[in-house]
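Everything below concerns the one structure shown next.
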Number of protein chains: 2
Amino acid sequence: MSPTKEDYLKILFELGGRTEQVPNKEIANRLNISPPTVTEMMNSLVKSGWVAYTPYKGSKLTREGTEYAKKLIRKHRLWEVFLVKHLGFSINEVHTEAEMLEHATSTILADKLEHYLDYPAHCPHGGAISVEHMDAQEVRTLHLTEAEIGVPVRISRIVDDEKLLHYFKNHDLKIGDPVTVTDKDSGLDLLTLHHGTSNKEIQISQTVAQYLFVEHI
Amino acid sequence: MSPTKEDYLKILFELGGRTEQVPNKEIANRLNISPPTVTEMMNSLVKSGWVAYTPYKGSKLTREGTEYAKKLIRKHRLWEVFLVKHLGFSINEVHTEAEMLEHATSTILADKLEHYLDYPAHCPHGGAISVEHMDAQEVRTLHLTEAEIGVPVRISRIVDDEKLLHYFKNHDLKIGDPVTVTDKDSGLDLLTLHHGTSNKEIQISQTVAQYLFVEHI
DNA sequence: GTTTTTATTTAGGTTACCCTAAACTAATGA
DNA sequence: TCATTAGTTTAGGGTAACCTAAATAAAAAC
């Protein structure tokens, strides 16, 4: 498996490719790659058994593909913990570094690293590290956009993407913060929150809010 | 720079490409690649300024190429220290892991890692870590094959290659051991040593002895 | 139920990195 | 010095991963 193909599997996972068919365009957007290249790659991933692909519909991960993606994400998150806790990187810096390291990490190395880090439960962005917990976390958590108006929730995870992390930092939102959605305006793509700790009103775009995960308190 | 090209620079450095012209065949052998591929790659490395290449003669690193190679070797050795000291890998296992990690390591990451490891002087195979020490080490140390008969020396460095490390382990040779060359037979490709710590006679092939470095005691 | 728009695919092309077979240089040795 | 051999290069070819432009399919809008 090449780093390139690993990236496709991971993105597919992050876009919900375990349960739903992910359209080519979304993958193309995320990876900054042209749609024809995605089609080509999907055919190749189908041949090696990682992906089930329906032309004009989209791609889903096979069971093997899902397992592979989870292992990659585990490696990614383990490195993030190491980089933040031991090397002193800031949460916003680690994504790019971990993105490179994950492809250069054998299973043995990941296991030894996990032991060294004393089996952390979550990465600095709140994502579950153990392959078993990843699914459980998915069940418990919901997208901020899905939270009901007036129901208090707690931010439990942020999809780790450099730009997104900056956006949330600029809006004073971080993991563990209690928030309550007070208004949703789809036309303006706006979501209004009451921020529990600062007691302030915060407005963020719904598009971006999709990448914030919350849990019921 | 691709990992592939980085490997070419590193091998060139290890084969003495700072000072001498390294023939294509040696590179081809080391990387398990066909000679025409090496020619092609050298032309490409010349174009980007890393290598000076004389057709039919061989390749030398430019100053920039040498600097680049040293930085890679530094990253490699830093990871080896981490893998052995903190993750509990054995000396023989770390080479392959470090070989992958080095290409995925930014300068910032290497710097932070070095700080975390408390600025180690040598990798587990005895190789100098700081770019400045690498040259100094070269001046001080000599190939075991160059050691004079009867003059006691100490093993200071082993080129870290999986097969070589196994070979030396099988012959009970490790870093720090005092040895004295008692005989050299070029016809049989044999080198006979008196091993200071065990007080035994050890015979190893001269071909392999080229990868053992020693210092005068 | 057409038409228009959007998404996807096909076709054809590029670069990086690898290969083998054949041609050519350079070194060796009779 | 000329022939043989060892090493290198040229020629031609392959796959992976990207691209753009054009064709086609599906979804949305009228």
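Per chain, numbering begins at 1; letters A, B, ... match sequence-line order. Side chains are part of it too, since the values below use all heavy atoms of this structure and drop only hydrogens, waters and symmetry mates.
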Item checked: Cation-pi check, Lys112(A) onto Phe89(B) ring (under 6.0 Å, within 45° of axis) -> yes
Roughly how many Å is it from [atom1] in [X] to [atom2] in [N], rounded to a whole number?
X        : N       : atom1 : atom2 : value
Ile33(A) : dA16(D) : CD1   : C1'   : 12 Å
Met41(B) : dT10(D) : CE    : C1'   : 18 Å
Glu40(B) : dT20(C) : CD    : C1'   : 13 Å
Asp7(B)  : dC18(C) : CG    : P     : 9 Å
Leu31(B) : dA16(C) : CG    : P     : 18 Å
Asn29(B) : dT8(D)  : CG    : C1'   : 13 Å
Gln21(B) : dA27(C) : CD    : P     : 11 Å
Lys47(A) : dA16(D) : NZ    : P     : 7 Å

Next item on the list: Mind checking Ser44(B) for me? I need base, sugar-phosphate or nothing, with any heavy atom below 4.0 Å counting as a touch.
Entry: nothing
Margin query: Over all strands shown, is Asn32(A) touching base, sugar-phosphate only, or nothing at heavy-atom distances under 4.0 angstrom?
Written below: sugar-phosphate
Return yes if some donor-acceptor pair links the side-chain N/O of [X] with the main-chain N/O of [Y] below 3.5 Å, else return no.
X         : Y         : answer
Glu26(B)  : Pro23(B)  : no
Asn32(A)  : Ala28(A)  : no
Lys184(A) : Ala147(A) : yes
Gln206(B) : Leu190(B) : yes
Thr145(B) : Gln210(B) : no
Thr62(B)  : Gly49(B)  : yes

Checklist line | Phosphate OP1/OP2 of dA16(D): any Lys5(A) side-chain N/O under 4.0 Å | finding: no
Margin query: Quick check on side chain to side chain donor-acceptor pair (under 3.5 Å): which of Glu80(B), Arg77(B), Arg157(B) does His125(B) satisfy it with?
Written below: Glu80(B)
Notebook entry, point to check: Using 4.0 Å as the upper bound for N to carboxylate O, is an ion pair formed by Arg74(A) and Glu114(A)?
Noted result: yes
Checklist line | Side-chain ion pair, Asp135(B) and Lys70(B), N-O less than 4.0 Å | finding: yes
Protein N or O to nucleotides 6-11 of chain C N or O, pairs below 3.5 Å:
unit_1	atom_1	unit_2	atom_2	d
dA7(C)	OP2	Lys25(A)	NZ	3.2
dT8(C)	OP1	Asn24(A)	N	3.4
dT8(C)	OP2	Lys25(A)	N	2.9
dT8(C)	O3'	Tyr56(A)	N	3.4
dT9(C)	OP1	Tyr53(A)	OH	2.3
dT9(C)	OP1	Tyr56(A)	N	2.9
dT9(C)	OP2	Asn24(A)	ND2	2.5
dT9(C)	OP2	Thr39(A)	OG1	2.9
dT9(C)	OP2	Tyr53(A)	OH	2.3

Item checked: Overall bend - the helix from dG1(C)-dC30(D) to dA30(C)-dT1(D), comparing terminal axes fitted on five pairs, nearest 10 degrees -> 0°
Next item on the list: May I ask you to list the residues of residues 96-104 of chain B, by number, that have any heavy atom positioned under 4.0 Å from an atom of DNA chain D?
Entry: none
Check: How about Asp160(A) and Tyr211(A): does a side-chain donor come under 3.5 Å of a side-chain acceptor?
Finding: no
Next item on the list: For the residue pair Glu97(B) and Ser106(A), confirm or rule out a side-chain donor-acceptor distance under 3.5 Å.
Entry: yes
Note to self: Taking the minimum atom-to-atom distance to the side chain of Thr4(B), which one of dA17(D), dC17(C), dT20(D) wins?
What the structure shows: dC17(C)
